[in-house]
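These notes are about the structure you will find just below.
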Amino acid sequence: MTDVMEKPVAKQADVTVDKDKGKLKKVLIICSKGKLEDVYAALVMANGALMEGIEAKMFFTFFGLDAITKKKADHLHTATVGNPNFVPEMPTILAGLPGFEAFASYMMKKEMDKLDMPHVTEFIQMIDAGGGEIYACKLAADMFHLKKEDFLDEVKEIITVGDMYALAEGEGTQIIFI
Amino acid sequence: METLTLAGTSVDVNAEGYLTNMDQWTPELAREMAAQVNIELTDKHFEVLNWLRAKQKEGVQLSIRKLGNSGIVDIKQFYALFPGGPLKISSKLAGIPKPASCI
């Protein structure tokens with residue numbers, strides 16, 4: 001009788017320990033692309049992590065830097081040419097007409113507004129307010145001749161790839177690359 | 001469905017501990033639930049909880065952004081009031097369903 005009573009208790013304790021060990025505690029999201037949909041994917045995931053109580057760090061590199069550059073952040077576009085997911089029936093010659101990409105991006109932003117999705121700069125403010133940290137890649141910033149003052153105020157620092165890996169230190173961390 | 005007995009009353013909750021009937025909610029219940037997650041509810045907390053309950057009744061889909069625009073707290077204060085997942089924790093304490101928002 002005692003055996004029967006004790007077993008389930010021990011089992012329960014094990015489950016709790018395992019659950020805690022495998023818990024996701026931190027995400028490092030690397031955003032290397034500057035297209036509207038790629039940047040939003042990164043922002044939604046970072047903000048979503050914070051909403052779940054998971055620590056979030058973001059590292060923007062190469063064209064991803066557009067998302068945190070003052071002059072460009074709220075003017076990101078989606079590609080209408082060379083994008084197989086964008087209305088495949090559309091002939092490339094039409095999709096490449098001047099102004100078409102701006103129109104498509106405008107339509108996409110309108111749909112996002114309907115879903116209560118904030119603009120890029122507001123989204124980054126939300127992530128910053130939630131305790132998320134935002135960094136820019138030194139190599140890419142040098143390449144594009146961008147300085148700290150060119151970036152949004154929420155950008156904490158321009159860091160090297162080594163510093164970036166240091167951000168991912170600790171048990172229960174995942175790196176997501178976009 | 002499970003039953004949770006707190007603050008001298010029994011309420012119906014789902015497997016994750018969210019109230020299944022928001023009308024069973026009382027401020028005392030919220031206080032007891034908050035104590036379990038180490039939060040001591042202040043007037044500011046209750047302002048947030050009441051706002052959430054009012055919006056839920058109106059059928060509004062809740063998000064962190066909407067709370068930030070509520071005029072009660074900004075997003076930073078919201079995270080500070082309910083550390084470790086503000087919208088989920090505050091919804092639970094407000095006796096409303098788990099938020100289905102991605103933003």
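Throughout, a chain's letter reflects where its sequence line sits, starting with A, and its residues are numbered from 1.
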What's the shortest heavy-atom distance between A:Pro118 and A:Tyr40, and which atoms?
O-OH, 2.7 Å
With a 4.5 Å cut-off on side-chain heavy atoms, are B:Trp25 and B:Ile96 touching?
no
Taking every heavy-atom pair that is under 4.5 Å apart, which of B:Lys76, B:Gln77, B:Arg65, B:Lys66 has the most such pairs with chain A?
B:Arg65
Based on non-hydrogen pairs under 4.5 Å, which of A:Leu43, A:Asp116, A:Ile54 is most in contact with chain B?
A:Asp116
Classify the angle between the aromatic ring planes of B:Phe82 and B:His45 as parallel (below 30°), tilted (30 to 60°) or perpendicular (above 60°).
perpendicular
At a 4.5 Å cut-off on heavy atoms, which part of A:Glu122 comes close to chain B: side chain, backbone, both, or neither?
side chain
Contacting region of A:Leu115 [heavy-atom separation from chain B under 4.5 Å]:
backbone
Between A:Ala49, A:Gly53, A:Gly48, A:Gly130, which has the largest tally of heavy atom pairs under 4.5 Å with chain B?
A:Gly130
Is there a donor-acceptor contact under 3.5 Å from the side chain of A:Lys109 to the main chain of A:Leu76?
yes
Grouping ILVMFWY residues whenever side-chain heavy atoms fall under 4.5 Å, the cluster of B:Val60 otherwise contains none
